[in-house]
Peer 1: 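Below: one structure in C-alpha cells.
These numbers come from the heavy atoms of this one structure, side chains and all, not from hydrogens, waters or symmetry mates. Just so you know, residue 1 is the first one in the sequence shown, and it goes up from there. All values derive from a computational prediction rather than experimental measurement. Whatever order the structure lists ligands and atoms in, that order sets their numbers, starting from 1.
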Amino acid sequence: MAEDKREFPKDFLWGGAVAAHQLEGGYQDGGKGLSIADLFTLGDKDHPRTITKKIEADQYYPNHKAIDFYHRYPEDIKLFAEMGFKCFRTSIAWSRIFPNGDEAEPNEEGLKFYDDLFDECLKYDIQPVVTLSHFEIPLHLVQEYGGWRDRKLIKFFVHFADVCFKRYHNKVKYWMTFNEINNQTDFEAAGHLYTDSGIVPEEGEDNEKLMYQAAHYELVASAQAVKLGHQLDPDLQIGSMIAMCPIYPLTSKPEDILFAQRAMQTRYWFSDVHANGFYPQWLLNFFEKKNFKLDITTADLAQLKEGTVDYIGFSYYMSFTVKYTGHEDYNEAHDLVPNPYVKASEWGWQIDPTGLRYALNWFTDRYHLPLFVVENGLGAVDQLTEDHKVHDDYRIKYMHDHILQMKRAVLDDGVDLMGYTPWGCIDLVSAGTGEMSKRYGFIYVDEDDHGNGSLDRYRKDSFYWFKNVIETNGAEL
Ligand code: BGP
C-alpha cells in the first residue's frame with residue numbers, strides 16, 4: 001500500500017508524557033512530604049511491587065531517585081525541544097504542594113519548582129499539559145483518613161486543584177484531574193485500589209463496593225475542580241484521563257457480544273459521568289442489585305452536572321477480549337481471554353494499533369468531545385551500544401502503526417483529536433513493575449533496575465524518527 005503522506009491538522013499537539021513520581025526523584029527535596037509512591041518497592045513482570053507501611057532500610061524504592069528529573073529537567077526539556085515538542089504532559093506531585101495533603105497553606109518551595117519547570121517549557125514554546133493526581137496521594141491522607149474512602153478527600157483535592165489553577169493558569173491551559181481513573185475496575189487487585197485511591201482494604205471488606213464509593217468521591221472532586229477552574233479562567237481546558245483498552249467479544253455469538261458490551265460499560269462508566277454529568281441507569285440498577293448503599297447525595301449529583309469535562313484524555317496501549325461464561329457481571333480479574341489475532345509485548349500487553357482507531361471512533365460517537373491521546377507506547381528492553389546508540393526499530397514500528405491509525409481516524413473518520421503525547425518520552429520508572437528496564441523513551445537514561453548508572457541521557461534512533469514525524473506534521477511516518 002502506498003504511504004499515507006497526509007499531514008495532521010495544523011496546531012496538532014505533538015509531545016510526550018510522564019508522571020512526577022516516575023521521573024522526578026528528589027522525594028524529600030523542597031519540603032516535599034511522602035506520597036504512597038514513595039513506598040512502592042521494586043517488582044518485575046512476575047512479581048508485583050509491594051507497598052510497605054514505612055520506608056524499610058533493606059528495600060529499594062525506585063521512585064526516590066527515579067531519573068533525577070527534579071535536578072536535571074533543563075537538560076531534558078532542551079532535548080524535548082530539539083525533537084520539536086509542542087507540548088509536554090507531566091503531573092504535579094500533590095505532596096510537593098501539600099506535604100500532608102490536609103494543610104490550609106501550600107508549600108511555596110513546591111509551587112516554585114513547578115513554576116520554574118513550566119517556565120522552562122514555555123521558553124521553547126512547549127505547552128505544559130498537567131495531570132493533578134497521577135497515582136500518588138500524600139501518605140498522610142492514606143494513614144489518617146484511609147484515602148479516598150473518606151469524603152473529606154474531596155475537600156482536600158479541590159483545595160489542591162484550586163491552588164494549582166490559581167498559581168499556574170497563565171502558564172498551563174491543558175489539565176486533567178485523575179490519571180486513569182477507571183483503572184480501579186480491576187478491584188480484586190488491592191494494589192490498584194491503593195495506587196489510585198490510597199485505600200488499603202481491611203480483612204473481610206468488599207473491595208468492589210469500596211471502589212465504587214472511592215470513585216464516586218473522586219468524580220465529585222473532579223467535577224468541583226472543573227467548575228472552579230472554569231470560573232477562574234474560562235480558557236482552561238480540563239479533561240478526564242481514562243485508560244482505554246477496548247474490550248472485544250471473542251466470537252460473534254450474541255452472548256459474547258452482549259457480555260463485551262457490559263464489560264465496556266463497566267470499564268467506561270467513569271467517562272460517562274465525567275462527560276455526561278450523570279450516572280448511567282444500568283449502573284444505578286447494578287448498585288441496587290448488589291445492595292450497595294453508597295454515599296451519593298443529591299448535592300453530589302447536581303455537582304456532577306455542573307463540572308463536565310472539556311475533552312477526553314486517554315491512554316492507549318492494548319485491547320482486551322472477553323468470552324461469556326454464564327455470569328452477567330463483568331469481572332476484570334477473571335473474564336479476559338487472549339485475542340488469537342493479536343500479539344503481546346514482552347510484558348504481555350496485547351499490541352493492537354487498529355484498536356486505537358476503534359477507540360477514537362468509539363469515544364467520539366459516545367461523547368462528541370475533543371479527544372487527546374495522552375499516553376501510548378511500547379515498554380521494551382533496549383541495548384545501549386558501545387558508541388551510545390539505541391537501535392529501537394521495534395519502538396519505531398509500534399509508534400508508526402499507531403500514528404497511522406490515528407491519522408485515519410482524524411482524516412478519514414473526522415475524529416477531533418487535539419494531540420498525541422507518547423508515554424515515557426524519556427526512560428523512567430515503570431509504574432507497574434518499578435523497573436527501569438521496561439523502557440518507553442526516545443531518550444535513553446543510563447540507569448538499571450537497582451539505581452546504578454551514570455544517569456546520562458542518550459538519543460535513541462526513535463528520537464530522530466519522532467523528530468521528523470513532528471517536523472513533517474505526521475506526513476512522514
Ligand atoms: C499507565 C500509567 C503510566 C505508565 C504507563 C505504562 O497506566 O498512566 O503511569 O506507567 O501506564 O505502564 P508501566 O509503567 O507499568 O509499563
Peer 1: Going by the angle between their ring planes, with limits at 30° and 60°, are F88 and F69 parallel, tilted or perpendicular?
Peer 2: tilted

Peer 1: Atom OH of residue position Y341 - does it have more than 12 heavy atoms of other residues, nucleotides or ligands inside 6.0 Å?
Peer 2: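 Not buried by this count: 12 neighbours or fewer within 6.0 Å.
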
Peer 1: So does D68 pair up with R72, basic N to acidic O under 4.0 Å?
Peer 2: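 Counted as a salt bridge, because a side-chain N and a carboxylate O are separated by less than 4.0 Å.
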
Peer 1: Rounded to the nearest 0.5 Å, how far apart are OG of S240 and CG of D310?
Peer 2: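 Here the interatomic distance stands at 10.0 Å.
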
Peer 1: How close does the nearest protein non-hydrogen atom get to atom 5 (C) of ligand 1, and which residue and atom is it?
Peer 2: Y317 OH, 3.2 Å

Peer 1: Among all protein heavy atoms, pick out the one at the shortest distance from atom 10 (O) of ligand 1; state its residue, atom name and that distance to 0.1 Å.
Peer 2: Q22 NE2, 3.0 Å

Peer 1: For S430, counting its heavy atoms only, list the atoms of ligand 1 lying under 4.0 Å from any of them.
Peer 2: 13 (P), 14 (O), 15 (O), 16 (O)

Peer 1: Is there a polar contact, in the sense of an N or O pair closer than 3.5 Å, between A431 and ligand 1?
Peer 2: yes

Peer 1: Can you check whether H134 has an N/O within less than 3.5 Å of an N/O in ligand 1?
Peer 2: yes

Peer 1: Using a 4.0 Å cut-off to any heavy atom of K438, which atoms of ligand 1 qualify?
Peer 2: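 Heavy-atom distances to K438 below 4.0 Å select 13 (P), 15 (O), 16 (O).
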
Peer 1: Select one of side chain, backbone, both or neither to describe which atoms of A19 lie under 4.0 Å from any atom of ligand 1, heavy atoms only.
Peer 2: neither

Peer 1: Geometry only, no angles: is N183 polar-contacting ligand 1 at N/O separations under 3.5 Å?
Peer 2: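 Checking ligand 1 against N183, no N or O pair falls under 3.5 Å apart.
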
Peer 1: For atom 7 (O) of ligand 1, which protein heavy atom lies nearest, and how many Å away is it?
Peer 2: E180 OE1, 2.5 Å

Peer 1: If only atom types and distance count, is the side chain of D206 paired as donor or acceptor with the main-chain N or O of K209 below 3.5 Å?
Peer 2: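 Checking the backbone N and O of K209 against the side chain of D206, a donor-acceptor pair under 3.5 Å is found.
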
Peer 1: Measure W347 to ligand 1 on non-hydrogen atoms and call it side chain, backbone, both or neither using the 4.0 Å cut-off.
Peer 2: neither

Peer 1: With a 6.0 Å cut-off on ring centres, are H402 and Y398 close enough?
Peer 2: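 Yes - the distance between ring centres of H402 and Y398 falls below the 6.0 Å cut-off.
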
Peer 1: Would the distance check show the side chain of D446 and the main-chain N or O of S454 forming a donor-acceptor pair, the cut-off being under 3.5 Å?
Peer 2: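 Between the backbone of S454 and the side chain of D446 there is a qualifying donor-acceptor contact (under 3.5 Å).
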
Peer 1: Tell me the protein heavy atom at minimum distance from atom 2 (C) of ligand 1, and give that distance in Å.
Peer 2: E375 OE1, 3.4 Å

Peer 1: Which protein non-hydrogen atom lies closest to atom 12 (O) of ligand 1, naming both residue and atom, and how far is it?
Peer 2: W349 CH2, 3.3 Å

Peer 1: Below 30° counts as parallel, above 60° as perpendicular, anything between as tilted: where do the rings of F259 and Y330 land?
Peer 2: perpendicular

Peer 1: So, is G432 polar-close to ligand 1, with some N/O to N/O distance under 3.5 Å?
Peer 2: yes

Peer 1: CD/Q237 to CE/M176 distance, rounded to the nearest 0.5 angstrom?
Peer 2: 11.5 Å

Peer 1: What about T433: any of its N or O atoms under 3.5 Å from an N or O on ligand 1?
Peer 2: no

Peer 1: Tell me, which protein residue and heavy-atom name are nearest atom 6 (C) of ligand 1, and how many Å apart are they?
Peer 2: Y440 OH, 3.4 Å

Peer 1: Have S437 and D449 got a donor and an acceptor in their side chains that come within less than 3.5 Å?
Peer 2: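 A pair is found: one side chain offers a donor N or O, the other an acceptor, under 3.5 Å apart.
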
